[in-house]
Protein chains: 2
Amino acid sequence: MNPFDFFDTVYMVNAEAKQALQEIIREKVYSKNEIVQEIGSRCRTIYFVKSGGARIFYYKDGNDITEHFAFENDIIVRAESLFTGNPTSKGIQAIDETVMMVIDSEKLFQLYDKHHDLERLFRLIFEKEYVNTLKRMESFQFKSAKERYLELLDTTDFIQKIPLKYIASYLGITQVSLSRIRAVID
Amino acid sequence: MNPFDFFDTVYMVNAEAKQALQEIIREKVYSKNEIVQEIGSRCRTIYFVKSGGARIFYYKDGNDITEHFAFENDIIVRAESLFTGNPTSKGIQAIDETVMMVIDSEKLFQLYDKHHDLERLFRLIFEKEYVNTLKRMESFQFKSAKERYLELLDTTDFIQKIPLKYIASYLGITQVSLSRIRAVID
DNA sequence: TTGATTTTTTATCATTTGTTAATTTTTTTG
DNA sequence: CAAAAAAATTAACAAATGATAAAAAATCAA
């Protein structure tokens, strides 16, 4: 999907705002496993996944943890950095050949003063992300690993694109534990 | 703290915006354990806790689960409803004698068109909430119950105000399990 | 294609957390 | 204050998940 078609589903901005946004958005292609944003950097970029997929990841005690997945028509940012300006211990990696639409967040935020519509559009986009995060947290709070896995299968198209090792840490369990759960289900 | 002193720490709005906000904010006092917002309702209110404390809660399999706490100078909303318009299975309850500053969200959202500053102020407020939620989710993903409890002790003033049964479900564990953890620590 | 590497599965045992029930402690109410 | 109710702790056993190691399967690269 074209990002502007997606944006229109969230909020219709006026023509000038759209034009201004068009001027700061560009396409970039990442190869499979390519690092999109390095761990330790500041998040100054908003990505829209046009095709393919990516993950947010970090290391905890030497283990690679996947915190988030994004696929076609998803927005992906490292919010804890984008919204604070602080560097983050998380990175972004393409998990497939991936086409991204890339927005420089500093340029975007500058446009907010002149184009109220853009501030609103992205406010609404990130409110949705916030609600998704709340839902995910809820499933961590009182659902078993098996329930969380079934939920993921149910809600995530593109699940077959994701290596199981990424899925395990995304669910907050070990790879061994995920294998066990899958063995019972199948 | 006066809510406007808090708002000023987030973003300084112009005088007209402040005036408009002042007109839709009012104080309300809740007694201990009083239900502030019923389960099943729509969230059309933004609360600022002036003193006391409150929790967001819901029932899962007949058990009372605390999803969120808010104390002095915190904002509290049921975001999954406020940002979607959908009713929510969560409620808000005062956990102490609590003074709230209450904002009608529909009136506030109407002010956004005229007062860009107010949209920005609340955007920034909720971005902070989003970042807090991300941090909390991260601690669910790969920390043990004991680590989560110690983290809560460390980061939450007012912890002594909260009954342990609320803390247990907030941490995603049973009351019995929390007792065990506390026994080891003390 | 084939050997090397990476990913996934299986098995075993340890640890954490859950469940149930009984007891103690604290809080509330008449 | 005393009785009742609610909250917190303890104990015993069950279930879920972790850790480690080895084997099998899938993927990658020369």
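Order of the sequence lines fixes the chain letters, A, B, ..., with proteins taken first and strands second; residue numbering starts at 1 for each chain. Small disclaimer: the values here were computed from a predicted structure and weren't measured.
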Between the side chains of E106(B) and R44(B), is the shortest nitrogen-to-carboxylate-oxygen separation below 4.0 Å, so that they form an ion pair?
yes
Which one of F140(A), Y149(A), F69(A), F57(A) satisfies the ring pair (Phe, Tyr, Trp, His ring centres under 6.0 Å) criterion with Y170(A)?
F69(A)
Rounded to the Å, how far apart are Q160(B) CD and dT27(C) P?
13 Å
Starting from P on dT8(C), measure out to CD1 on I162(A) and report it in whole angstrom.
11 Å
Y149(A) OH - dA16(D) P separation (whole Å):
18 Å
Output the rounded distance in Å from NZ (K161(B)) to C1' (dT26(C)).
20 Å
Kindly give the heavy-atom pair with the smallest separation between F48(B) and M1(B), and that separation in Å.
CE2-O, 3.6 Å
Is it true that R120(A) and D113(B) have a side-chain N and a carboxylate O under 4.0 angstrom from each other?
yes
Rounded off to whole Å, could you give me the NZ-to-C1' distance for the K165(A) and dT5(C) pair?
11 Å
From CD of Q175(A) over to P of dA26(D), roughly how many Å is that when rounded to an integer?
15 Å
Quickly work out the D64(B) CG to dA8(D) P distance and round it to whole Å.
12 Å
Report the relative orientation of the aromatic rings in F122(A) and F126(A); use parallel for angles under 30°, tilted for 30 to 60°, perpendicular for over 60°.
tilted
Could you list the protein-to-nucleotides 17-20 of chain C atom pairs, N/O on both sides, closer than 3.5 Å?
{"unit_1": "dT17(C)", "atom_1": "OP1", "unit_2": "A145(B)", "atom_2": "N", "d": "2.9"}
{"unit_1": "dG18(C)", "atom_1": "OP2", "unit_2": "T174(B)", "atom_2": "N", "d": "3.2"}
{"unit_1": "dG18(C)", "atom_1": "OP2", "unit_2": "T174(B)", "atom_2": "OG1", "d": "3.3"}
{"unit_1": "dG18(C)", "atom_1": "OP2", "unit_2": "S177(B)", "atom_2": "OG", "d": "3.2"}
{"unit_1": "dG18(C)", "atom_1": "N7", "unit_2": "R180(B)", "atom_2": "NH2", "d": "2.9"}
{"unit_1": "dG18(C)", "atom_1": "O6", "unit_2": "R180(B)", "atom_2": "NH1", "d": "2.9"}

Write down the distance between CG (L171(A)) and P (dG18(D)), rounded to a whole number of angstrom.
10 Å
Taking the side chain as everything from C-beta on, heavy atoms only, tell me whether T88(A) gets closer than 4.5 Å to Y58(A).
no
Global bending angle along the helix from dT1(C)-dA30(D) to dG30(C)-dC1(D), which compares the axes of five pairs at either end, to 10 degrees:
50°
For the pair E138(A) and K60(B), find out whether any cationic side-chain nitrogen is under 4.0 Å from an anionic carboxylate oxygen.
no
Where do F6(B) and N73(B) come nearest, in terms of heavy atoms and distance?
CE1-O, 3.8 Å
Taking only Lys NZ, Arg NE, NH1 and NH2, and the carboxylate oxygens of Asp or Glu, determine whether K18(A) and E23(A) approach each other closer than 4.0 Å.
no
